[in-house]
Amino acid sequence: MKQFYSCIDALLPAPQPEQHEVSKKKATKEGGQIVFYGAEEYRVVDRQPFILPKLKRTPGIDGVVFFSIDQFCYGDTFNLKLLEEILALGLSVHFAREDISFTNFGEVAANFITLSAYFHAFKRSRRVSAAEILSVLA
């Protein structure tokens, strides 16, 4: 059975138990189970500096299950570098909410247009939300 590290979304208002349950279901679908879990520090989610070192020092894992692709969209650009670095470790990358998986960078490249569109839609939706908040405060 495959073993996965789970990384929940620190900024998402969804409760952590809900995120864990959805991630657990994705791990099961991929033939494995969650054996470690964590989350990025919310103040640095735009850079995600902690997940790669955690994955490197966690023995016996086959991949990582992120709760959402949103976790790669908090910075100024889609965090393609981190995705590539995780795959270069020989680990698979899964996104539980979207039910998407990557096992190599070729799969990421083949889906780059979709990932890019997702990123830009995500950024646009966050700008609209911020504008709505500002209009209420004015």
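What you are looking at is a predicted structure, and each value in this text was computed from that prediction instead of being measured. These numbers come from the heavy atoms of this one structure, side chains and all, not from hydrogens, waters or symmetry mates.
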Would you say that [X] contacts [Y] through its side chain, given a criterion of any heavy-atom pair below 4.5 Å between the two side chains?
{"X": "Phe105", "Y": "Leu80", "result": "yes"}
{"X": "Val108", "Y": "Glu84", "result": "no"}
{"X": "Ile100", "Y": "Asn111", "result": "no"}
{"X": "Leu115", "Y": "Phe72", "result": "no"}
{"X": "Phe102", "Y": "Phe95", "result": "yes"}
{"X": "Leu91", "Y": "Asp62", "result": "no"}
{"X": "Phe78", "Y": "Ser116", "result": "no"}
{"X": "Glu107", "Y": "Thr103", "result": "yes"}

Got a donor-acceptor contact below 3.5 angstrom from the [X] side chain to the [Y] backbone?
{"X": "Glu40", "Y": "Ile51", "answer": "yes"}
{"X": "Glu98", "Y": "Ile69", "answer": "yes"}
{"X": "Gln48", "Y": "Gln71", "answer": "yes"}
{"X": "Lys123", "Y": "Asp76", "answer": "no"}

- Task: Could you give me the CA-CA distance, side-chain angles and deciding distance for Gln33 and Lys2, then say whether side chain to side chain contact (heavy atoms under 4.5 Å, CB included) is met?
- Result: CA-CA 6 Å; Gln33 62 185 355; Lys2 294 179 185 175; over 6 Å; no

Should [X] and [Y] be regarded as members of a common hydrophobic cluster, given that ILVMFWY residues are connected when their side-chain heavy atoms come within less than 4.5 Å of each other, either directly or indirectly?
{"X": "Phe36", "Y": "Ile8", "value": "no"}
{"X": "Ile86", "Y": "Phe112", "value": "yes"}
{"X": "Phe119", "Y": "Phe66", "value": "yes"}
{"X": "Leu87", "Y": "Leu52", "value": "yes"}
{"X": "Val64", "Y": "Val35", "value": "yes"}

- Task: Apply side chain to side chain contact (heavy atoms under 4.5 Å, CB included) to Phe67 and Cys7, showing your working.
- Result: CA-CA 6 Å; Phe67 177 71; Cys7 187; over 6 Å; no

- Item | Crowding at OH, Tyr37 (>12 non-hydrogen neighbours, <6.0 Å) |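 Result for OH/Tyr37: open.
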
- Message: With a sphere of 6.0 Å drawn around NZ of Lys54, does it hold more than 12 non-hydrogen atoms of other residues, nucleotides or ligands?
- Response: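 Atom NZ in Lys54 is crowded, with more than 12 foreign heavy atoms closer than 6.0 Å.
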
- Option among Asp9, Asp46, Asn79 that satisfies the side-chain hydrogen bond (donor to acceptor under 3.5 Å, both in side chains) test with Tyr74: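 When Asp9, Asp46, Asn79 are each tested with Tyr74, the side-chain hydrogen bond (donor to acceptor under 3.5 Å, both in side chains) holds only for Asp9.
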
- Query: When you check the side-chain N and O atoms of Glu30 and Ser92, is any donor under 3.5 Å from an acceptor?
  - Reply: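 The criterion, which ignores hydrogens and geometry beyond distance, is not satisfied for Ser92 and Glu30.
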
- Item | Flag for Lys26-Ser101: side-chain donor and acceptor within less than 3.5 Å |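 Present: a donor and an acceptor within the cut-off.
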
- Partners passing ring-ring contact (aromatic ring centres under 6.0 Å, His included) against Tyr5 (at least two apart in sequence or in another chain):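 Tyr5 satisfies ring-ring contact (aromatic ring centres under 6.0 Å, His included) with no other residue.
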
- Item | Test log, rule side chain to side chain contact (heavy atoms under 4.5 Å, CB included), inputs Leu12 and Arg97 | CA-CA 12 Å; Leu12 195 68; Arg97 188 177 70 181; 4.1 Å; yes

- Task: Mind checking the CD1-OG spacing from Ile61 to Ser6? Nearest 0.5 Å is all I need.
- Result: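 One finds 11.0 Å between CD1 of Ile61 and OG of Ser6.
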
- Could you tell me whether His94 and Phe4 have their ring centroids closer than 6.0 angstrom?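 That pair passes the under 6.0 Å test.
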
- Could you note down all residue pairs passing side-chain hydrogen bond (donor to acceptor under 3.5 Å, both in side chains) where residues 11-23 supplies at least one of them, sequence neighbours left out?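 Not a single pair qualifies under side-chain hydrogen bond (donor to acceptor under 3.5 Å, both in side chains).
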
